[in-house]
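Before any comments, here is the structure.
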There are 2 protein chains.
Amino acid sequence: MNRETAPPDALTFWSFVDYAVRKADQELPAVNTDAMRMVLTLNRATSMVIYDLESTVHRPRGLTWPGFRVIFALWLAGPMEAKTTAEISGMSRAALSALLNTLERDGLIVRARASHDRRALQLSLTEEGYGAILGGFRAHNLRESAWAESLEPAEQTELVRLLNKLMAGSTDAKAKFRN
Amino acid sequence: MNRETAPPDALTFWSFVDYAVRKADQELPAVNTDAMRMVLTLNRATSMVIYDLESTVHRPRGLTWPGFRVIFALWLAGPMEAKTTAEISGMSRAALSALLNTLERDGLIVRARASHDRRALQLSLTEEGYGAILGGFRAHNLRESAWAESLEPAEQTELVRLLNKLMAGSTDAKAKFRN
DNA sequence: TCCGAATCATCAAACATTTGATCATTTGAG
DNA sequence: CTCAAATGATCAAATGTTTGATGATTCGGA
């Protein structure tokens with residue numbers, strides 16, 4: 001890797017992945033450039049979609065993206081233990097704990113001790129929380145649809161299949177999971 | 001949507017997408033379930049990969065995931081203006097500003113005023129920053145490779161193609177971009 | 001039954017991100 | 001040339017995440 005090489009004239013968000021892969025391939029021995037490209041691209045595509053959804057749909061309605069995920073899970077799967085909520089919405093128990101402070105303060109959810117186990121926490125939506133998701137989900141799904149229209153139906157299916165296969169392989173990859 | 005329906009016996013990280021899509025389809029009119037499934041799956045797959053890379057490779061070496069992204073960009077594309085760094089690493093100028101405080105304090109990067117425009121900031125890696133990325137990138141790419149092995153080579157290529165097509169469609173989707 | 005181990009939740013400190021405001025510098029129209 | 005508008009960077013306040021520690025409750029083997 002030549003530390004003095006100047007960047008190309010127009011290094012932009014769009015050209016960076018190609019540039020990075022080419023440069024790493026030239027300068028480093030034994031780089032798996034396909035894997036590098038896959039992870040870089042996956043990261044970027046997701047960031048774009050999430051940023052769009054959060055900034056156009058949820059923040060204007062008073063929810064952050066993580067807040068939406070939790071309310072969404074509670075809306076779909078009904079009252080449940082906090083441990084389950086954390087798992088299905090893909091966050092650590094500690095992160096959920098902090099997030100619940102905001103959601104509870106805003107009157108969207110209610111915390112209650114579980115009857116069968118006084119360590120456990122039972123979460124449920126308030127009327128206001130129910131209303132928040134009702135209002136937001138339509139707009140959310142419309143923007144999801146706009147993104148999905150970039151791909152043919154068969155391509156959408158294939159993308160989902162590939163992502164699921166990638167996730168399923170995490171066991172073989174000995175990937176680390178959240179708490 | 002039935003607000004009283006109890007969640008299934010075993011609602012887990014793995015079963016949630018199927019459950020959510022089925023439930024929404026049953027209970028709501030006119031939901032685009034394919035788009036819903038695509039965005040949910042994209043989000044989950046990316047979270048898994050990034051969490052694994054951050055927690056097994058970068059945090060143990062003293063870098064956060066965003067910190068790595070910035071050092072990585074500077075390593076590959078050489079000294080550059082902060083504005084460019086923010087753009088290619090997918091963060092807002094304000095977020096980069098805060099992140100640079102940490103990286104500068106840790107002695108990994110140097111801030112300097114650009115000569116041609118005294119408003120602009122020129123970023124470059126220090127010796128220590130250069131060493132940090134040299135040590136970490138190998139491990140990073142090895143884990144990327146482990147993830148990529150879940151897919152056949154042709155599937156990796158196809159996944160990247162579909163993600164790029166998705167991103168390219170953001171213009172038609174009138175997606176909102178970062179600052 | 002008792003007590004150590006496991007489990008559930010929260011806390012604390014450090015860090016990163018968002019939006020919106022502010023300050024310094026540069027640009028460009030008149 | 002002048003001054004308002006645009007641009008680059010930072011700041012401020014609120015929020016969410018991470019890791020590691022601490023409390024409370026339950027479980028399970030001796």
Side-chain angles (χ1 to χ4, degrees), chain A residues 46-48 50-71 80-87 89-106 108-109 111-123 176-179, chain B residues 46-48 50-71 80-87 89-106 108-109 111-123 176-179:
Chain A
T46 303
S47 294
M48 285 180 72
I50 302 306
Y51 182 78
D52 176 57
L53 286 168
E54 176 166 22
S55 64
T56 68
V57 176
H58 300 295
R59 291 225 178 227
R61 293 165 185 269
L63 274 180
T64 61
W65 174 252
F68 167 73
R69 270 163 39 211
V70 166
I71 302 287
M80 68 181 107
E81 288 190 21
K83 192 190 180 190
T84 308
T85 310
E87 184 188 344
S89 49
M91 57 183 67
S92 73
R93 193 58 194 76
L96 178 61
S97 205
L99 185 49
L100 290 177
N101 291 332
T102 306
L103 297 177
E104 190 176 39
R105 184 208 58 196
D106 292 346
L108 302 176
I109 63 103
R111 283 192 238 226
R113 286 286 154 196
S115 48
H116 64 291
D117 185 337
R118 288 188 302 170
R119 291 170 304 183
L121 206 60
Q122 186 80 6
L123 301 181
K176 181 173 177 185
F177 294 92
R178 281 190 177 74
N179 302 348
Chain B
T46 302
S47 295
M48 286 180 70
I50 301 306
Y51 182 78
D52 176 58
L53 286 168
E54 175 165 22
S55 64
T56 67
V57 175
H58 299 296
R59 291 230 179 223
R61 294 166 185 269
L63 274 181
T64 60
W65 175 252
F68 167 72
R69 270 164 38 214
V70 167
I71 302 288
M80 70 181 104
E81 284 189 24
K83 194 189 180 193
T84 308
T85 310
E87 185 189 342
S89 48
M91 58 184 66
S92 72
R93 194 57 195 76
L96 178 61
S97 206
L99 185 49
L100 290 177
N101 292 332
T102 305
L103 297 177
E104 189 176 40
R105 184 208 58 195
D106 292 346
L108 302 176
I109 61 103
R111 282 193 237 229
R113 286 286 154 195
S115 49
H116 64 292
D117 184 338
R118 286 188 305 170
R119 292 170 304 183
L121 206 60
Q122 186 80 8
L123 302 180
K176 180 172 176 187
F177 294 92
R178 281 190 176 75
N179 302 349

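Sequence lines set the chain letters: A, B, ... in the order given, protein chains first and strands last, and positions in each chain run from 1. Model, not experiment: these values are computed from the prediction.
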(message) Between C1' on D:dT17 and CZ on A:R178, what's the gap in Å once rounded to a whole number?
(response) 9 Å

(request) Would you kindly say whether A:Q122 and A:H116 are connected by a side-chain donor-acceptor distance under 3.5 Å? (result) no

(request) Would you kindly give the CE-to-P distance between A:M91 and D:dT18, to the nearest whole Å? (result) 9 Å

(request) Flag the pair B:L108 / B:V70 as yes when at least one side-chain heavy-atom distance between them is below 4.5 Å, and no otherwise. (result) no

(request) Could you check B:E54 against A:S115 and say which one's nearest nucleotide on DNA chain D is further toward the 5' end? (result) B:E54

(message) Treating A:R111 as the side-chain partner and A:L123 as the backbone partner, does any N or O pair qualify as donor plus acceptor under 3.5 Å?
(response) no

(message) Tell me every residue that passes side-chain contact (heavy atoms from CB on, under 4.5 Å) with A:R59, counting only those two or more places apart in sequence or in another chain.
(response) A:E54, A:T64

(request) Ignoring the backbone of A:R69, work out which of C:dT17, C:dT25, D:dT17 is nearest its side chain. (result) D:dT17

(message) Return a single string for nucleotides 6-16 of chain C, one symbol per nucleotide in 5' to 3' order, where B is base contact, S is sugar-phosphate-only contact and - is none, cutoff 4.0 angstrom on heavy atoms.
(response) BBSSBB---SS

(request) Ignoring hydrogens and angles, tell me if any N or O in the side chain of B:S55 forms a donor-acceptor pair with the backbone of B:Y51 under 3.5 Å. (result) yes

(message) Measure CZ/B:R118 against P/C:dT27 and give the value in whole Å, please.
(response) 11 Å

(request) Report the distance from atom CH2 of A:W65 to atom P of D:dG16, rounded to the nearest whole Å. (result) 14 Å

(message) Rounded to whole Å, please give me the gap between CD1 in A:I50 and P in C:dT18.
(response) 13 Å

(request) Answer yes or no: is there a donor N or O on one side and an acceptor on the other, between the side chain of B:S89 and the main chain of B:T85, under 3.5 Å? (result) yes

